[in-house]
Amino acid sequence: MKRLIAQVLVIFLLAVPAHAALNIQKVTSKGGITAWLVEEHSIPFTALEIRFKGGTSLDLPGKRGATYMMAGLLEEGAGDMTATQFQTARDALAADFNFAAHGDSVSISAKFLSENRDQAMSLLKQAIEAPRFDPEAIKRVRAQILSLIARNKKDPQEIASSTFDRLAYGDHPYGSSSTGTIKSVSSLGRDDLVTAYRNSMARDRVYVSAVGDITPEQLGVLMDELLGGLPAKGAPMPPKAKIVLTGGVTVVHFPSPQSVAIFGERGIERTDPDFFAAYVMNRIFGGDGFDARLTREVRVKRGLTYGVYSYLADFDLASMLQGSVSSDNDRMAEALDVIRAEWKKMADKGATQAELDAAKKYLTGAYPLRFDGNGRIAAILAGMQLDGLPASYVKTRNARINAVTLADVARVAKRLLRPKDLRIVVVGQPVGVKSTD
Amino acid sequence: MRKLILFISVVLFFPFSAFAADNVTTFTLKNGLFGVVIRDTRAPVVTHMVWYRIGAADEVPGKSGLAHLVEHLMFKGTQKHGPGEFSRIVAANGGSENAFTSFDYTGYYQRVAADRLPLMMELESDRMQNLVLSEKDVTTERSVVLEERSTRTDNNPGALFTEQRNAALYLNSHYGIPVIGWRHEVEKLTRADALAFYHKYYAPNNAVLVVAGDVDPAKVKALAEKYYGPIPPSKGLKPRNRPSEPPQLAARRVQFSDSRVSQPYVIRTYLAPERNAGEQKQAAALTMLAEVLGGNGINSVLGRELQLKQKVALNASAFYDGLSLDKTSFGLFVVPAKGVSLQKAEDAMDAVVAKFMQDGVDPAQLKRIKAQVRASQIYGRDSLQGMARKYGEALTSGLTVRDVRDWPNLLQAVTAKDIMAAARKIFDRKQSVTGWLMRANKEAGK
């Protein structure tokens, strides 16, 4: 069996360059907007992704939730159309538009048929350039968001992440939920939403990708049409978040049979020379394979959870190494003991050669498989641009994974996994787990 | 390349038959294994799935959760590939894998580079017959499943409410029992239960193989012969005659309150017919009815009336999924606005449906929905995994490839009259459960 795998791998390594030749074209419109395009004419539609860097981190003091609500209102009336008229026109064209606000970006994801591309795009243009923010729509969307905030307050997973974020980022926008609070959302007025719109959606921060049945010329025209009317500049980007997280345990009492924990400490920036070492280390430590150490020790060997993971949480303004686990109240203490022991073990001893080899094989083998489907590829290309990566990254990325050595993994594990700096937030009624401060 | 050109011209010529371009071929092996190949050469990737015609609704009384526990145990290894090796090999090849259990089926899949298909078939065919389970495997994995139940259900009042509602809707059908199982029964499942279930139901004559991606259908068939062909069929398999619903004669109400609820809502489900082989017209009409009533927020009948006009709801929708082996349900859902009681929300919902039964379907809305249904056939081709899933699900829910292909045309053919006839048939309160999800000590008595 071992032999068979070895043979197959040789073939596969040869297959990677062929596939990484995914033809990404850079298209610059007459108006100076750049997009990444992959032409794929076999299905008569296009997936278009637009990102505005900044997102909810641009919320002004006291106006938390403004960008989130603004994005929710983009499909609720534009130009001379009410919400109903806009959505009726969209449905008649069978176009699919999604507007959302995230911590570091506002995103617009669109799918449209080739047969009515121009009509679909002139409709989308209205939503991007001339959202109405009608009082009636504001009232309706505000009520939905307030209901969501109230629900999140009674969801153990949400309580755990919002508690962790507050402890980690304090007063920075990252330290609170992007939906805003009942108080802030209740007081947002139309002017606040217009301000959030002007601050976050401008040409100086826009990134575009398209995959599908569209030519470079068509895409160039389309971008000027869609985005040319936006203001040149938005609000300045917020400063980096100051991480105020300390080591310790925080228990939030909540009446549920299973406790939910979020744990973590300071992470590593994408631009750090050891980022790839950290990425590989995390795959070994807390990735989603059955062989990852946390899954093996907490789930496979002891049956203490359905899921335990760690991940590099890299945002534009802060980086965290974070993880999560859920365990019944009477078993959470044991699950956390195992996680702590693994945390220390990885920091002290690093990984084994076999673990490193397996992680590299998985990460390099899985990478080209991501580029499957117009929608998926378009989303990846938009994300790469937001992260400041060049298009050639798809060709160089696997080499950087393969260059990681055992010594690199040991070094970065010691640097990132510091047991005394580990903060654990537990929500539930965990037996034998106490807050330390 | 010839194929590609042909495929585009088909779409252009017959815009209403986008499905005909989905490049699907099928075969049946001598041992009964049914194979479906969906060819798409855009990326050198393949999804390999094996679906078994066995699900939670096939379990015998007292053994709820067994189908799902067996799904978990399928990762524990065989004589040839020890514990964890299957997953290790998939990961070493850059693949992703998972499995899922429903009322009507259990499925396993891997997504890998297209040239890795033989290796996946070797592994999957091995565990179709050679599973090895230790006592410890079963006790540990049972704990994992109980933790899964805690995560998905016990920590989530909405999920607990759904369990109670389903138990009330289905008087006899096992759809009233949760797929993950009742906790007290899962706790008692044994290694012997799991092995007996496995040996009876995991066999080629109870399986559907779906391969989707950059593959040559003839080669897939040859590979299937090689890896799955030698496996003998299971002899004890009988037709899936499961407990069915008796006449339902009384409307039921379920009121569930929990201190963890912050947003109450009302949801009503009616017993509804499912898609059957060669007999999908009623299900098609119900699918369109759900779209008309509540498929698209404020652009549907319920949303327009309750959210926009009367402003008594934060959200309102309708839902129906006809893909089911036995009778299924049609649902209405309303989240009341602040200060609106559940009773008022329910009354408003009923009034809107009653008015709809008088007014009928808006032809312009039906036209828009049909445009969206047609587009979804095109958008749907972008996800190979979605395509593979569509076939696997249908073929384990009593349908044929032909039914899958007919479905988009049947939806296009639905008339306003068909929708109203289906609505008149379905909206019988005696065959329904009305549920209120409530905050503790708040909504009661209103």
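Letters A, B, ... are given to chains in the order of the sequence lines, protein chains preceding strands, and every chain is numbered from 1.
For B:Lys311, the NZ atom counts as densely surrounded, since its 6.0 Å shell holds more than 12 non-hydrogen atoms of other residues, nucleotides or ligands.
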Output, in order, the C-alpha distance, side-chain angles, deciding distance and verdict of ring pair (Phe, Tyr, Trp, His ring centres under 6.0 Å) for A:Phe45 and B:Tyr379. CA-CA 7 Å; A:Phe45 87 99; B:Tyr379 298 146; 5.3 Å; yes
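With a 4.5 Å cut-off on non-hydrogen atoms, B:Ser259 touches chain A through its backbone and its side chain both. Only the side chain of A:Phe254 comes within less than 4.5 Å of a heavy atom in chain B; its backbone stays farther off. Proximity to chain B (any heavy atom under 4.5 Å) is shown, for A:Asp328, by both the backbone and the side chain. Heavy atoms of A:Gln87 lying under 4.5 Å from chain B belong to its backbone as well as its side chain. Residue contact with chain B, scored on non-hydrogen atoms closer than 4.5 Å, is absent for A:Arg142. For A:Arg296, no part lies under 4.5 angstrom from a heavy atom of chain B. Heavy-atom distances place both the backbone and the side chain of B:Arg111 under 4.5 Å from chain A. For a residue to count as touching a neighbouring chain, one of its non-hydrogen atoms must lie under 4.5 Å from one of that chain's; by this rule A:Val141 does not touch chain B. Both the backbone and the side chain of B:Leu308 come within less than 4.5 Å of a heavy atom in chain A. Using a 4.5 Å cut-off between heavy atoms, A:Pro257 contacts chain B through both its backbone and its side chain. Contacts of B:Gln365 with chain A are absent, with no heavy-atom separation under 4.5 Å from either backbone or side chain. Residue contact with chain B, scored on non-hydrogen atoms closer than 4.5 Å, is absent for A:Lys139. With a 4.5 angstrom heavy-atom cutoff, A:Ala83 touches chain B via backbone and side-chain atoms both. With a 4.5 angstrom heavy-atom cutoff, B:Lys136 touches chain A only via side-chain atoms. For chain A, the nearby part of B:Val261 is the backbone; its heavy atoms alone come within less than 4.5 Å. Only the side chain of B:Glu141 comes within contact range of chain A, with heavy atoms under 4.5 Å apart. Looking at A:Leu148, there are no atoms closer than 4.5 Å to chain B (heavy atoms on both sides), in backbone or side chain.
We find that A:Glu40 and B:Arg42 are not joined by a salt bridge, their nearest charged nitrogen and carboxylate oxygen being 4.0 Å or further apart. Salt bridge absent: A:Glu158 and A:Arg151 never bring a charged side-chain N and a carboxylate O closer than 4.0 Å. Between A:Arg140 and A:Glu136 there is no salt bridge, since no side-chain nitrogen of the basic residue lies less than 4.0 Å from a carboxylate oxygen of the acidic one. Between A:Glu355 and A:Arg283 no salt bridge is recorded (no basic side-chain N to carboxylate O distance below 4.0 Å). Salt bridge status for B:Lys80 with B:Asp126: absent, with no side-chain N to carboxylate O gap under 4.0 Å. The pair B:Glu291-B:Arg368 does not count as a salt bridge, with every side-chain nitrogen at least 4.0 angstrom from each carboxylate oxygen. Using a 4.0 Å cut-off between a side-chain N of Lys or Arg and a carboxylate O of Asp or Glu, B:Arg142 and B:Glu148 do not qualify as a salt bridge.
Chosen from B:Asp258, B:Val112, B:Asp40, the residue pairing most often with chain A at heavy-atom distances under 4.5 Å is B:Val112. Top candidate by heavy-atom pairs under 4.5 Å with chain B, chosen from A:Leu304, A:Val300, A:Thr88, is A:Thr88. The greatest number of non-hydrogen atom pairs below 4.5 Å with chain A, out of B:Thr151, B:Asp154, B:Asn156, B:Ile369, is found for B:Thr151. The greatest number of non-hydrogen atom pairs below 4.5 Å with chain A, out of B:Thr140, B:Leu314, B:Asp382, is found for B:Asp382. For the set B:Ser96, B:Pro157, B:Gly297, B:Ser143, the count of heavy-atom pairs under 4.5 angstrom toward chain A peaks at B:Ser143. Per-residue counts of heavy-atom pairs under 4.5 Å with chain A were compared for B:Lys76, B:Arg152, B:Glu97; the largest is that of B:Arg152. No other option in A:Gln258, A:Arg376, A:Lys154 has as many heavy-atom pairs under 4.5 Å with chain B as A:Gln258.
When atom types are taken as modelled, the side chain of A:Thr46 and the backbone of A:Leu48 share no donor-acceptor pair closer than 3.5 angstrom. In this structure, A:Arg302 contributes its side chain and A:Glu297 its backbone to a donor-acceptor pair below 3.5 Å. In this structure a side-chain-to-backbone donor-acceptor pair under 3.5 Å is present from B:Ser262 to A:Ala150.
When all heavy atoms of A:Arg299 and A:Thr305 are compared, the pair lying nearest together is CG-O, 3.5 Å. Minimum interatomic distance between A:Ala92 and B:Ala371 (heavy atoms only, all atoms of both residues): O-CB, 3.9 Å.
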